[in-house]
Amino acid sequence: MTVVTRFAPSPTGFLHIGGARTALFNWLYARHTGGKFLLRIEDTDRKRSTKEAIAAILEGLDWLGLDRDGEPVYQSARSERHAEVARELLDAGHAYRCYCSPEELAEMRKRAQAEGRSTRYDGRWRGRDPSEAPDGVPPVIRFKAPQAGETVVDDAVQGEVRVANAQLDDMVLLRADGSPTYMLAVVVDDHDMGISHVIRGDDHLNNAFRQANVYQAMGWPVPVFAHVPLIHGPDGAKLSKRHGALGVEAYRDMGYLPEALRNYLLRLGWSHGDDETISTAQAIEWFDLPGIGRSPARIDFDKLANLNGHYIRETPDRDLVGGVGGVGARVATLLKRPLTSEEEVRLTAAVGELKQRAKTTQELAESSLFYFSNGAPEPDAKALKLLSGEAPALLARLGPVLGGETDWSADTLEHAIRGFAEAEGVKLGKVAQPLRAALTGRAASPGIFQVLKVLGREESLARIEKLSRT
RNA sequence: GACCCCAUCGUCUAGCGGUUAGGACACGACUCUUUCAAGGUCGAGACACGGGUUCGAUUCCCGUUGGGGUCGCCA
């Protein structure tokens with residue numbers, strides 16, 4: 001059997017982190033099995049669906065690197081087919097017309113609740129003859145759900161899940177205006193698209209029972225269901241905007257790399273022994289359904305950051321500046337001006353060291369700023385401390401020594417500075433720290449010889465001279 | 001409230017009847033070192049509770065507690 005999976009978001013918002021993981025799992029499973037990964041936009045609810053949301057979802061998937069097979073299917077374009085299936089169900093006696101008005105249903109629920117009964121639809125039109133239909137009330141079509149026995153779903157993640165059919169009510173398939181409901185549309189579309197595996201959020205587990213019954217009524221094979229537990233916020237509560245329920249583009253803007261996010265999301269709910277750092281290629285090779293965990297997970301930004309740092313270090317300097325990392329663009333934004341080509345060269349020379357200590361590409365961009373300031377940046381408190389006491393005098397003596405160097409390479413500079421420290425009778429740190437403060441305005445930076453080299457002879461000497469005069 | 005799902009260090013997890021309960025992030029110490037990171041070494045840290053089943057339960061079953069989800073002419 002060929003595997004066909006799908007990601008089926010409703011375009012009412014951006015692609016959030018939970019949806020991204022669902023998409024990732026579906027994509028991975030399709031790629032792992034050599035099957036297909038399809039995209040379906042569930043825009044049945046025209047009122048709440050927006051073009052912007054569709055664009056955001058498409059962009060999000062694209063940025064995450066989850067390529068789909070074929071063009072996206074728009075559910076709204078398929079309403080004719082949905083209605084057709086509803087009619088078939090009606091003809092076969094698996095569905096019936098219900099003439100309850102919304103007001104009547106609200107009243108029914110209110111009473112049920114007051115009496116402590118279940119608020120499910122009571123099936124009052126199930127056996128009634130259409131001739132009893134009231135005037136002027138357009139009917140909905142409801143599914144005739146089995147009333148006795150139980151419905152069993154053999155879930156690839158949750159195992160065998162069962163519910164008494166008495167718990168299931170006759171859900172609406174076709175609204176009064178003839179439009180299909182989600183419950184009908186998913187089943188019809190998943191069937192027509194040949195979906196073999198439905199991998200989706202846990203919040204759909206209860207729907208699976210209802211959907212399984214529709215499949216059966218139509219005589220269609222039921223796909224494999226795999227309900228993945230939801231992602232919670234760091235506090236265990238539902239994901240909110242404050243912590244993580246952001247669109248993937250927000251993660252991109254914050255400076256996370258797509259591969260890092262993929263790796264993080266993969267490990268959030270799926271495992272392969274003790275493996276933690278898993279490349280996408282490796283993930284495709286390993287991904288399977290039994291590896292998906294059954295319990296909900298909390299998002300952990302520290303771990304994401306750690307993984308991101310790892311992938312930043314792995315990314316070639318050039319790609320970091322211009323490609324996925326977009327560090328060049330970030331620096332330009334911070335500087336509020338485009339980089340000169342000379343600066344771009346300098347940035348590329350600098351990232352190799354800078355990336356060793358960055359958790360995000362945004363952080364990386366910020367840490368490079370001292371290379372582009374006009375003169376040394378204003379020293380911060382710690383740097384100021386390093387520049388007090390003997391330091392200015394020391395730098396004043398160091399200046400000419402470095403000025404005498406003709407070969408401005410890291411090795412030569414290191415040799416010269418170590419020699420200087422020795423001649424002064426101080427440890428290297430006594431020279432390196434004030435020098436660092438003078439060049440970068442900070443107490444922490446990449447290796448100081450590297451900084452000198454990237455900054456260049458002229459700029460370095462100018463910064464030293466300026467500070468040594470104070 | 002009814003129904004469904006879940007339960008191992010703070011977090012993500014390994015474990016699939018017999019283990020000194022393993023790894024990762026975070027945390028602490030040390031190390032490396034021109035600073036900060038990264039790296040290395042070490043440390044602290046968990047089987048929610050109560051019953052069964054079994055020679056033996058973290059592991060299987062039941063219950064309790066706790067968490068989550070679903071109860072729309074939304075998806």
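Letters go in sequence order (proteins before strands), and every chain restarts at 1.
- One interatomic measurement links the two molecules: CD1 of A/Ile299 to P of B/C25, which rounds to 18 Å at whole-angstrom precision.
- Of the P atoms belonging to B/G15 and B/U59, the separation is 15 Å, rounded to the nearest Å.
- To the nearest angstrom, C1' of B/A14 lies 12 Å from CD1 of A/Ile278.
- Between A/Ser445 and B/U35 there is no side-chain polar atom (N or O) within less than 4.0 angstrom of OP1 or OP2.
- Separating the CD1 atom in A/Ile278 from the CD atom in A/Glu259 is a distance of 11.0 Å, to the nearest 0.5 Å.
- A/Ser409 and A/Asp411 are not linked by any side-chain donor-acceptor pair at a separation below 3.5 angstrom, with hydrogens and angles left out of the test.
- Nucleotides B/A26 and B/A46 have their C1' atoms positioned 15 Å apart, rounded to a whole Å.
- To the nearest whole angstrom, the two C1' atoms, one in B/A21 and one in B/U35, are 41 Å apart.
- Between the P atom of B/C12 and the CZ atom of A/Arg262 lies a distance of 23 Å, rounded to the nearest Å.
- Rounded to an integer number of Å, the gap from CD of A/Glu150 to P of B/C3 is 14 Å.
- The nucleotide whose nearest atom lies closest to any side-chain atom of A/Leu428 is, among B/C3, B/U34, B/U35, B/U34.
- Here B/C49 sits opposite B/G63 as a Watson-Crick or G-U wobble pair (both hydrogen-bonding atom distances under 3.5 Å).
- Comparing the P positions of B/C4 and B/G63 gives a spacing of 11 Å, expressed to the nearest Å.
- Straight-line distance between the C1' atoms of B/G22 and B/C47: roughly 13 Å, to the nearest whole Å.
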Walk me through whether A/Tyr29 and A/His197 qualify under ring pair (Phe, Tyr, Trp, His ring centres under 6.0 Å). CA-CA 9 Å; A/Tyr29 193 62; A/His197 296 255; 5.0 Å; yes
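- Among the heavy atoms of the strands, none lies under 4.0 Å from A/Gly201.
- Protein atom CG of A/Asp300 is 11 Å distant from nucleotide atom P of B/C27, rounded to whole Å.
- Between B/U34, B/U13, B/A14, one nucleotide has an atom nearer to the side chain of A/Asp274 than all others, and that is B/A14.
- Spacing between atom CG of A/Leu395 and atom P of B/U34 amounts to 18 Å, rounded to whole angstrom units.
- In this structure, CZ of A/Arg267 is placed 6 Å from C1' of B/C12, rounded to the nearest angstrom.
- Side-chain proximity of A/Ala444 to B/A24, B/U34, B/U35: nearest is B/U35.
- For the C1' atom pair drawn from B/G69 and B/C55, the interatomic distance equals 41 Å after rounding to whole Å.
- The only option from A/Phe370, A/Phe372, A/Tyr371 that meets the side chain to side chain contact (heavy atoms under 4.5 Å, CB included) definition with A/Pro377 turns out to be A/Phe370.
- Looking at A/Glu405 and A/Thr412, their side chains never bring a donor and an acceptor atom within 3.5 Å of each other.
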Given the rule in the salt bridge (Lys or Arg N to Asp or Glu O under 4.0 Å) test, do A/Glu363 and A/Arg357 qualify, once you have shown the distances and angles that lead to the verdict? CA-CA 9 Å; A/Glu363 217 178 281; A/Arg357 49 217 99 208; over 6 Å; no
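- Rounded to whole Å, the C1' atom of B/G72 lies 42 Å from the corresponding atom of B/A14.
- Only the C1' atoms considered, B/C27 is 30 Å distant from B/U65, to the nearest whole Å.
- Aromatic rings from A/Phe420 and A/His415 are positioned such that their centres are separated by 6.0 Å or more.
- Base pairing annotation: B/G72 forms no Watson-Crick or G-U wobble pair, as no partner gives both donor-acceptor distances under 3.5 Å.
- Look at A/Arg162 and you won't find any side-chain N or O under 4.0 angstrom from OP1 or OP2 of B/C4.
- Between A/Gln433 and A/Gly273, the residue whose closest nucleotide on RNA chain B is further toward the 5' end is A/Gly273.
- Each of A/Arg126, A/Lys144, A/Arg109, A/Arg210 was checked for a salt bridge (Lys or Arg N to Asp or Glu O under 4.0 Å) with A/Asp169, and the lone residue meeting it is A/Arg210.
- Mapping A/Arg436 and A/Tyr264 onto RNA chain B via the closest heavy atom, the residue that lands nearer the 5' end is A/Tyr264.
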Protein within reach of the bases, or only the backbone? For nucleotides 63-75 of chain B, mark each nucleotide 5' to 3' as B, S or -, using heavy atoms under 4.0 Å. -----SBS-SBBB
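- The aromatic rings of A/Phe287 and A/Phe25 sit tilted relative to each other, their planes meeting at an angle between 30° and 60°.
- Listed nucleotides: B/U34, B/A26, B/A14. Nearest to the side chain of A/Ser271: B/A14.
- Rounded to an integer number of Å, the gap from CZ of A/Arg21 to C1' of B/U13 is 13 Å.
- Remark: B/G28 base-pairs with B/C42. Criterion, Watson-Crick or G-U wobble with two distances under 3.5 Å.
- Here A/Phe14 and A/His16 keep their ring centres 6.0 angstrom or further from each other.
- Side-chain contact, A/Thr361 with A/Arg330: a donor N or O sits under 3.5 Å from an acceptor N or O.
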Which atoms of nucleotides 37-44 of chain B (N or O only) lie under 3.5 Å from a protein N or O atom, and what are those distances?
from: B/A37; atom 1: O2'; to: A/Gln356; atom 2: O; distance (Å): 3.2

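- Interatomic distance, CG of A/Asn26 versus CZ of A/Phe37, reported as 6.0 Å (0.5 Å rounding).
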